[in-house]
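In what follows, a structure is listed as structure tokens, so that the remarks can point back to it.
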Amino acid sequence: MTASQYINVTPHPRILGVLGDIEFSHWQCLAELIDNSFDEFQAAAGTVDRPSVAISLPPANSQRATAEIKVQDNGRGMSLEAVTNAISAGWTSNGRHGSLGLFGMGFNISTARLGRRTTVRTSRAGDPDWIEVTLDLARIANSSEYQAPYRLTPKANRDEHGTTVTISELKQEQYATLCRPQTQTVIREKLGDVYSYLLAEKGFLLTLNGKKVRPRLPCVWDEKRTVTRQGVEIHAVQRIDRVLSTKNACMACGYWSTADAEHCEECGQDRLELRERRIWGWIGIQRYLHRTDYGLDFLRNGRKIMLKDKRAFHWEDEDGIAEPELEYPIDSGAVQMGRIVGEIHCDHVTPNYQKTAFEFDTAEWRQVLREVRGTSPLRPKIAKNLGLPENRSPLALLYAGFRRQDPGLNYLIPGDGRNALHETAVKWAGLMRKGGYEYQTDEVWYRAAHQHDNPIAVDPQPENDDILPGFGAGLLDLDDEPEDGAAPGATGMTAGGQEPPEGEVAPAETLDQRLQRYRDNADPIVDLTGPYYLEELGRVDLTAWAVRGQNLVTKDERPAPAIVSMVRAPHLDVFVDTGHPLFREHGADLRDLALVEVAEFMRVRANIVSMPLSEIVAQLKSHTSSPRLTPAATAEESERLLEQVRMAMVAPVSANPAVHWLLLTKDERADAERRFAVEAGGTSPWNDAISSGEFIRYVPASAVIRIIQDSPETFLDGCVFKRGYIALSDPGARALVVERLINPLGDLALLEQHRPRLDVEELSRIRISCRLIARDLADNT
């Protein structure tokens with residue numbers, strides 16, 4: 001072979017500047033530099049005290065001519081040879097496995113995209129000098145070869161070490177965007193998400209303009225929380241830990257060859273390293289639902305490559321002939337919301353050069369998906385119809401346990417006794433991520449789910465005529481009031497609310513003890529609880545309490561149906577005495593009165609007493625998660641309750657389905673079949689629904705009412721409704737029990753079937769009917 005047979009392919013020096021045209025977002029550019037520092041920390045294996053990276057971006061009031069971007073770490077630093085390799089285009093000390101930095105071009109792309117001049121300053125502990133190397137892209141492009149001058153600067157302290165990358169002569173568009181405070185906030189949040197595992201688990205510290213980048217921690221139910229489906233207890237978090245066979249990793253091209261291979265089976269090189277492979281992590285149930293904020297994170301060497309990915313929620317046949325079919329979420333109505341999240345580590349799978357996805361056509365990636373979601377559809381009936389085995393994967397278990405979004409403990413969804421509190425649950429997640437102490441565990445969400453199943457409006461005596469919200473167990477019995485009218489626990493009582501022994505003088509109850517006594521005898525009103533911010537009046541983090549059996553008094557001992565107390569700003573408690581005559585006898589709404597007290601507190605605190613109180617209440621009301629009294633909201637509430645009634649009727653109807661089927665008219669049967677065709681998805685025959693009693697889920701509301709009227713003994717006495725029936729011997733009494741149930745059901749049926757135009761008073765009546773039915777249901781989960 002002679003020299004004439006070769007063509008010189010050495011790139012022109014201008015290539016360094018051209019690399020800056022490659023599309024990388026701002027956070028990606030910074031991440032490429034952070035990757036190098038984090039690689040160094042992991043290679044140092046704990047020898048660096050508190051591994052830290054500090055990013056400095058130009059402030060909003062800076063001048064572009066002097067603005068700089070700095071990324072500084074306290075790693076071990078580099079020798080002259082190492083820094084030469086680090087800034088050389090295409091060179092990398094990192095193999096294709098075992099590090100964050102890959103492909104050897106990330107440094108040049110990110111620095112060239114941000115500015116035209118880059119200086120690297122580095123030194124190792126014990127070295128006498130700092131090494132400063134400058135890459136001036138304009139000067140290099142005008143030269144015939146790559147030339148980057150460097151100089152040595154004596155160190156004041158030889159123990160100093162680390163590396164600083166400074167980018168100057170920033171490009172106009174990059175500078176204009178990066179100096180915006182909002183852009184910096186977005187970058188900080190994005191980096192906190194991408195590096196959450198390394199920041200939270202490895203103790204790495206990352207700051208941006210002096211402010212700590214906080215890891216975005218998952219807001220999931222505790223692993224101990226469970227639901228039961230068909231006798232199987234399903235935990236809210238499923239662990240995955242699959243050790244794969246050891247293979248030879250090619251450090252040149254990244255291909256995995258067999259353990260006994262001597263050369264790469266893909267590129268033929270002998271740069272092979274025998275490595276263990278493992279797929280591990282978890283998938284679980286988020287404490288809130290969201291339209292987009294859910295999905296699985298996939299990580300490589302601790303950095304998230306894919307965030308909130310929803311690929312695993314689609315089923316695709318192995319031949320790949322049909323389009324992937326979405327399996328989750330599919331049960332949340334017109335607006336689909338999901339809550340399955342996870343963190344899957346798969347260090348052995350190759351990502352793309354932008355580190356935003358994996359190579360999906362590789363066997364390694366397909367194996368990761370199989371470990372997470374299995375190979376069969378998540379939907380058991382679909383799998384059965386296709387002749388495929390039942391899916392027992394971790395994702396299939398969560399799907400079986402938590403696919404529905406009904407409020408209550410049955411699906412771990414916070415609720416207020418009537419509706420799910422989706423927006424409130426999201427707000428609590430925001431407080432959790434801001435460090436709110438009481439939101440770090442899932443107790444707040446769990447209490448709300450429990451309260452939904454045990455609403456504060458529940459009357460322990462079914463025959464009680466009280467129907468307003470907040471009036472439930474433990475109401476103060478007026479006949480038991482002391483003759484002198486003294487409020488139990490208000491004054492003259494011990495801190496525990498007990499009368500002192502005769503002859504002894506009780507120590508005065510402190511304000512804190514009094515408030516704690518109120519809390520000990522109260523249930524939280526979850527739809528009022530949460531943060532409120534009004535532009536002119538500031539912020540409060542409100543906790544609302546429905547207090548029973550305790551007469552409330554203000555700080556100066558004045559009795560009141562509702563009081564507020566701010567023990568520590570911005571946390572504000574509002575207490576409402578559910579036994580006060582204002583609610584028991586005059587029918588005032590305790591939620592509205594609670595907001596009046598909060599509004600007055602905020603108005604006085606801000607010293608803006610001229611602001612109309614009613615306007616403040618209106619603004620606060622708009623922030624609550626209480627359902628609005630609109631036709632749409634009331635209709636949705638009615639339909640949800642009727643669906644619960646139908647679901648509860650399936651079991652008693654299935655005992656003798658033919659009898660109840662014959663009670664339907666010809667038109668009602670046709671209506672039920674049409675509804676079945678639309679809602680059941682055609683996965684099971686209609687005849688099966690008739691023979692199993694499932695048909696009751698699809699019959700018109702008017703037919704539901706008639707069936708209950710015809711055989712109340714089948715559905716009352718705790719079967720579907722709590723009301724007692726069989727024990728009554730008088731036919732008139734039995735008829736009254738049924739009538740009291742049917743009347744509110746008729747209101748719900750009217751709204752579902754006819755959607756009439758209703759004024760506020762009529763909507764209020766239906767809202768009360770909804771509450772009566774919810775109170776009467778034996779199991780409203």
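As the structure is a prediction and not an experimental result, all values here were calculated from the model.
- Exactly one of Leu398, Ile234, Leu409 qualifies for a side chain to side chain contact (heavy atoms under 4.5 Å, CB included) with Val227. That residue is Ile234.
- When atom types are taken as modelled, the side chain of Ser393 and the backbone of Arg373 share a donor-acceptor pair closer than 3.5 angstrom.
- In this structure, Arg379 is not positioned above the aromatic face of Tyr328 in the sense of NZ or CZ being under 6.0 Å from the six-membered ring centre and within 45° of the axis.
- Under a cut-off of 6.0 angstrom, the local environment of CZ in Arg278 is crowded, with over 12 non-hydrogen atoms contributed by other residues, nucleotides or ligands.
- Side-chain contact between Ile55 and Leu206 is present, with at least one heavy-atom pair separated by less than 4.5 Å.
- In this structure the side chain of Ile240 never reaches within 4.5 angstrom of the side chain of Trp282, judged on heavy atoms.
- Between Arg214 and Glu189, no side-chain nitrogen of the basic residue sits less than 4.0 Å from a carboxylate oxygen of the acidic one, so the salt-bridge criterion is not met.
- Cation-pi contact between Arg229 and Tyr411: present, with separation from the ring centre below 6.0 Å and deviation from the ring axis of at most 45°.
- Between the side chains of Tyr288 and Asp293, at least one donor N or O sits under 3.5 Å from an acceptor N or O.
- A salt bridge links Glu223 with Arg239: at least one charged nitrogen is closer than 4.0 Å to a carboxylate oxygen.
- Judged purely by atom type and a 3.5 angstrom limit, Ser376 has no side-chain atom pairing as donor or acceptor with the backbone of Ala383.
- One side chain, Ser37 or Asp73, offers a donor N or O that lies under 3.5 Å from an acceptor on the other.
- Although no hydrogens or angles enter the test, the distance criterion places no donor-acceptor pair under 3.5 Å between the side chain of Glu32 and the main chain of Gln28.
- Geometrically, Arg287 does not engage Trp221 in a cation-pi contact defined by less than 6.0 Å to the ring centre and at most 45° from the axis.
- In this structure, a donor-acceptor pair under 3.5 Å is absent between the side chains of Arg277 and Thr246.
- Side-chain contact between Lys304 and Asp193 is present, with heavy atoms from C-beta onward closer than 4.5 Å.
- Using modelled atom types, one side-chain atom of Gln184 and one backbone atom of Leu178 make a donor-acceptor pair closer than 3.5 Å.
- In this structure, Tyr195 has its ring center at least 6.0 angstrom away from the ring center of Phe204.
- At distances below 3.5 Å, at least one donor-acceptor pair connects side-chain atoms of Ser622 with backbone N or O atoms of Gln619.
- In this structure, Arg113 contributes its side chain and Phe24 its backbone to a donor-acceptor pair below 3.5 Å.
- Proximity of a side-chain donor or acceptor of Glu327 to a complementary backbone N or O of Leu378 within less than 3.5 Å is detected.
- Between the side chains of Asn352 and Glu359, no donor-acceptor pair is found at a separation under 3.5 Å.
- Counting heavy atoms from C-beta on, the side chains of Arg404 and Ile413 never come closer than 4.5 Å.
- Within a 6.0 Å radius of CD in Glu423, no more than 12 heavy atoms belonging to other residues, nucleotides or ligands are found.
- At a threshold of 4.0 Å, the pair Lys171-Glu173 does not count as salt-bridged, since none of the basic side-chain nitrogens sits closer than that to a carboxylate oxygen.
- Looking at residues two or more places apart in sequence or on another chain, you find a ring pair (Phe, Tyr, Trp, His ring centres under 6.0 Å) between His345 and Tyr197, Trp280.
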- Task: Evaluate the side-chain contact (heavy atoms from CB on, under 4.5 Å) criterion for residues Ile187 and Leu208: first the C-alpha distance (whole Å), next the side-chain angles of each, then the deciding distance (0.1 Å), finally the verdict.
- Result: CA-CA 9 Å; Ile187 291 175; Leu208 196 157; 3.8 Å; yes
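- With hydrogens and angles ignored, the 3.5 Å screen pairs no side-chain donor or acceptor of Asn74 with any backbone N or O of Val53.
- Salt-bridge annotation for Arg225 and Asp442: present, with a side-chain N of the basic residue lying under 4.0 Å from a carboxylate O of the acidic one.
- Side-chain N or O atoms of Asp347 include one that pairs as donor or acceptor with a backbone N or O of Asn301 at under 3.5 Å.
- Ion pair Lys384/Glu390 not flagged as a salt bridge, since none of the NZ, NE, NH1 or NH2 atoms sits closer than 4.0 Å to an Asp/Glu carboxylate oxygen.
- Contact of the Val220 side chain with the Ile285 side chain is not registered, since no non-hydrogen atoms from C-beta on lie closer than 4.5 Å.
- Side-chain contact between Leu388 and Ile382: absent, with no pair of heavy atoms (C-beta onward) separated by less than 4.5 Å.
- Counting all heavy atoms, side chain and backbone alike, Thr292 lies closest to Lys310 at O-NZ, 3.1 Å.
- Remark: the Gln174 side chain and the His26 side chain contain an N/O donor-acceptor pair separated by less than 3.5 Å.
- In terms of the ring pair (Phe, Tyr, Trp, His ring centres under 6.0 Å) criterion, residue partners of Phe358 (sequence neighbours excluded) are, by chain and number, Trp365.
- The environment of CD in Glu636 is sparse: at most 12 heavy-atom neighbours from other residues, nucleotides or ligands sit within 6.0 Å.
- Checked by atom type and distance alone, the side chain of Thr185 never pairs as donor or acceptor with a backbone atom of Thr183 at under 3.5 Å.
- A 4.5 Å side-chain heavy-atom check between Lys224 and His235 finds every atom pair outside the cut-off.
- Looking at Ile279 and His348, their side chains come closer than 4.5 Å, going by heavy atoms from C-beta outward.
- Annotation: ring pair (Phe, Tyr, Trp, His ring centres under 6.0 Å) contacts of Tyr533 (sequence neighbours excluded): none.
- Annotation: cation-pi geometry not satisfied between Lys308 and Tyr294 (NZ/CZ under 6.0 angstrom from ring centroid, within 45° of ring axis).
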